[in-house]
Amino acid sequence: MTNSAENAPEEGATGEPENPAADTGMPALRPEQGEMPFAMVRGEAVTELPKDLYIPPQALEVFLDAFEVPLDLLLYLIRRQNLDILDIDVAQITEQYMRYVELMDAMQFELAAEYLLMAAMLAEIKSRMLLPRSSEVEDDEEDPRANLVRRLQEYERFKKAAEDLESMPRLERELWQASAAPPDLRLERPLPEVDMREVLLALGEVLRRAEMYASHQIQMESLSTRERMSQVLETLAEGGFVPFVSLFKPEEGRLGVVVTFLALMELMKESLIELVQTEGFGPIHIKAKSE
Amino acid sequence: MEAGLVQILEGALLAAGEPLSVQRMALLFEENERPSKEEIRAAIQSVEERCEDRGYELVQVASGYRFQVRQDLATWVGRLWQERPARYSRALMETLSLIAYRQPITRGEIEEIRGVAVSTNIIKTLLEREWVRVVGHRDVPGRPAMYATTRQFLDYFNLKSLDQLPPLAEIKELDNLSGELGLELPEQTSDADAEPDEGGEASQSETAAEDAATADGEQPELEDADDAQQDTRTD
Amino acid sequence: MEAGLVQILEGALLAAGEPLSVQRMALLFEENERPSKEEIRAAIQSVEERCEDRGYELVQVASGYRFQVRQDLATWVGRLWQERPARYSRALMETLSLIAYRQPITRGEIEEIRGVAVSTNIIKTLLEREWVRVVGHRDVPGRPAMYATTRQFLDYFNLKSLDQLPPLAEIKELDNLSGELGLELPEQTSDADAEPDEGGEASQSETAAEDAATADGEQPELEDADDAQQDTRTD
């Protein structure tokens with residue numbers, strides 16, 4: 001079984017029998033074409049819509065399924081009379097339409113509200129057309145069919161547009177995207193970029209939030225002190241005692257000495273370091289408290 | 001064999017498996033080696049020419065260029081798959097057409113024209129396929145979503161832009177309405193009837209809106225890809 | 001243009017998206033038009049030769065033949081999928097800022113200030129990036145590690161020393177700060193939004209990469225998306 005030939009767009013118009021039970025990939029039925037097949041009744045294909053109003057009751061459901069909406073059925077009825085929409089004979093169409101609706105009813109067919117609505121609308125138009133017209137209102141009153149005709153025309157435009165769209169070549173039916181296996185790729189994921197401003201904004205946010213906790217006191221030493229604290233700790237990280245004086249670097253000048261001293265004080269205060277002096281005025285040694 | 005611009009584009013187009021824009025092609029290159037848009041366009045031209053007599057061609061669609069199997073090979077290539085291509089119901093195609101031609105459009109407006117409710121499944125399927133998307137909400141009670149088609153829709157139907165859709169049929173003038181009931185319309189009414197189609201839509205829409213509102217009800221949820229049985233006639 | 005055997009095979013191989021065996025190629029044809037295996041093999045040979053100087057080649061793998069993009073194009077083609085650099089969560093940024101300004105600091109202390117737990121992943125990410133390091137352990141139960149920033153941290157942010165960071169007082173004036181820097185405050189709810197608002201090259205390629213990711217249907221996961229969830233703050 002192959003489907004490609006059937007997929008060709010021109011197939012929709014050739015009118016080959018279509019079994020609705022089998023999904024053939026063909027464009028949808030076009031019921032306005034009198035020769036279109038639309039149903040299987042007791043194993044026989046009904047290849048034509050009935051010329052008269054009679055359709056085999058078993059086919060009714062399928063028949064109605066061939067029509068998208070009530071407007072569609074109406075269009076079909078009009079076309080079957082070889083009439084232009086603009087020449088619509090409301091009386092006759094209404095009669096035919098109503099007979100279909102009655103037939104549905106007789107079959108306990110659950111009627112769609114839309115079909116009944118359309119029937120009511122047709123009946124209304126018909127009655128208006130039968131009413132004698134007073135010459136005074138005549139000027140203002142448009143043909144009662146006008147609105148129906150507009151709706152039919154508008155619907156028909158999009159029905160046609162849908163058919164056009166359906167028959168256009170499209171991906172996965174007549175067209176395929178060509179692709180090939182990619183080469184071996186070593187995909188490296190770049191590390192996130194961070195702007196210092198983001199860091200600052202984040203800090204600002206933390207601080208703002210932290211201020212809501214009254215119990216927190218966030219005191220911040222100057223950054224150079226904090227930085228120096230880290231450096232001292234790192235120096236001490238290897239364990240053991242480090243001579244106090246070795247932490248001071250003369251080349252940093254007086255400010256550097258002060259910063260280091262403050263860092264040591266802060267570290268002491270936080271119990272992070274231990275100072276050991278074995279004798280008075282003897283050398284002071286420092287050790288990380290936890291190491 | 002040289003890894004020239006043409007070869008790189010060929011490789012990228014085939015590896016991508018989706019259309020590539022000129023912009024995206026440019027980003028295949030580091031800044032210092034990046035060809036100009038003109039150079040890329042010239043290379044695309046070469047890529048296109050090099051498809052001559054091949055089983056594929058380079059086409060331009062809405063989101064860029066893609067290699068695509070030649071349509072006249074569909075008969076054979078289609079046999080690669082046992083499964084038939086997805087079918088869409090007429091209700092879905094009509095809804096899609098309305099969105100394509102009348103976008104941005106609300107569900108209510110679609111229903112006005114089609115005269116029946118649009119099933120939720122149809123909208124869902126269209127959204128899932130990424131053929132349509134919500135582009136806003138109409139400022140009326142209920143703030144209904146307005147739908148428009150997407151680039152994927154154009155890509156799927158092998159189109160560069162909406163312009164390439166087949167033109168909508170003209171609406172014929174109504175002034176030659178002639179009664180079949182022997183009720184010839186007096187001459188003077190004809191100018192009142194002869195509304196241009198744009199003007200006609202408004203009044204028609206109003207009536208249809210009432211209809212749609214009256215007929216509004218929950219629709220049976222049916223498989224969209226199934227045969228055209230979408231509407232309410234079975235409930 | 002002719003739809004010959006060679007073209008049909010080219011089209012099918014490119015449409016298939018997987019290797020095709022000779023057997024499967026034969027099944028592209030109706031019985032009455034089916035070429036022999038020898039004919040198919042000869043055509044495959046032609047397909048292969050026609051790849052000369054192209055960005056792709058025909059290769060034979062276990063299950064058949066397939067088109068493959070030339071390996072020497074990997075540099076360029078790979079950029080199709082180059083992932084957009086992930087973004088750090090706000091939880092990470094806050095942690096980093098506290099380590100910078102409050103070092104040496106333990107995780108517990110960070111948690112105390114932030115009011116929420118700091119996930120292990122955040123610390124791990126910062127350590128791996130070599131922006132922070134452990135400079136010791138506090139002598140309290142559990143002996144928690146104390147974190148400090150590194151030389152790499154200073155280098156990355158182009159600082160000679162931490163002194164060059166703005167003093168705390170300025171940072172507390174957040175509104176002023178963001179005003180001066182022309183920054184939009186990141187949305188409270190989004191960890192990934194703190195994006196510098198420069199329209200430079202970086203952000204441009206990010207956008208393209210984002211497009212690519214979206215089109216591929218695979219959004220790159222944020223490295224610490226988990227962290228964001230563990231961050232139980234609700235404001």
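Labels below follow one simple rule: chain letters A, B, ... track the order of the sequence lines, proteins then strands, and each chain is numbered from 1. Heavy-atom basis, side chains included; hydrogens, waters and symmetry copies ignored.
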Using a 4.5 angstrom heavy-atom cutoff, name the option from Thr95(C), Thr75(C), Val69(C) with the most pairs to chain A.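 Winner by heavy-atom pair count: Val69(C).
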Distance-only, no hydrogens or angles: does the Tyr156(C) side chain make a donor-acceptor pair with backbone N or O of Val194(A) under 3.5 Å?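 Side chain of Tyr156(C) to backbone of Val194(A), a donor-acceptor pair under 3.5 Å: yes, one is there.
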Mark yes or no for whether Glu227(A), through its side chain, and Leu162(C), through its backbone, hold a donor-acceptor pair below 3.5 Å.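 Yes.
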Side chain, backbone, both or neither of Ala100(C) within contact of chain A (heavy atoms, under 4.5 Å):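 Looking at Ala100(C), just its backbone touches chain A.
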Could you go through Leu165(C) and Met196(A), starting from their C-alpha distance and side-chain angles, then the distance that decides it, and tell me whether this counts as side chain to side chain contact (heavy atoms under 4.5 Å, CB included)? CA-CA 9 Å; Leu165(C) 286 175; Met196(A) 179 44 76; 3.5 Å; yes
Inter-residue atom distance [X].[atom1] - [Y].[atom2], 0.5 Å rounding:
X	Y	atom1	atom2	result
Phe157(C)	Leu200(A)	CZ	CG	9.0 Å
Arg226(A)	Ile105(C)	CZ	CD1	7.5 Å
Arg102(C)	Leu203(A)	CZ	CG	11.5 Å
His137(C)	Leu272(A)	NE2	CG	12.0 Å
Ser224(A)	Gln164(C)	OG	CD	12.0 Å
Leu92(C)	Glu198(A)	CG	CD	10.5 Å

Under a 4.0 Å N-O cut-off, is there an ion pair linking Glu270(A) with Arg138(C)?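 Salt bridge between Glu270(A) and Arg138(C), a charged N being under 4.0 Å from a carboxylate O: yes.
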Could you tell me whether the side chain of [Y] reaches within less than 4.5 Å of the side chain of [X], counting heavy atoms only?
X	Y	result
Gln103(C)	Met229(A)	no
Pro182(A)	Trp81(C)	yes
Pro192(A)	Arg129(C)	yes

Using heavy-atom distances under 4.5 Å, tell me whether Glu234(A) contacts chain C through its side chain, its backbone, both, or neither.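 For Glu234(A), the contact with chain C is made by backbone and side chain together.
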Minimum-distance pair of heavy atoms, taken over all atoms of Arg133(C) and Ser230(A):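 Closest pair (atom of Arg133(C), atom of Ser230(A), distance): NH2-CB, 4.3 Å.
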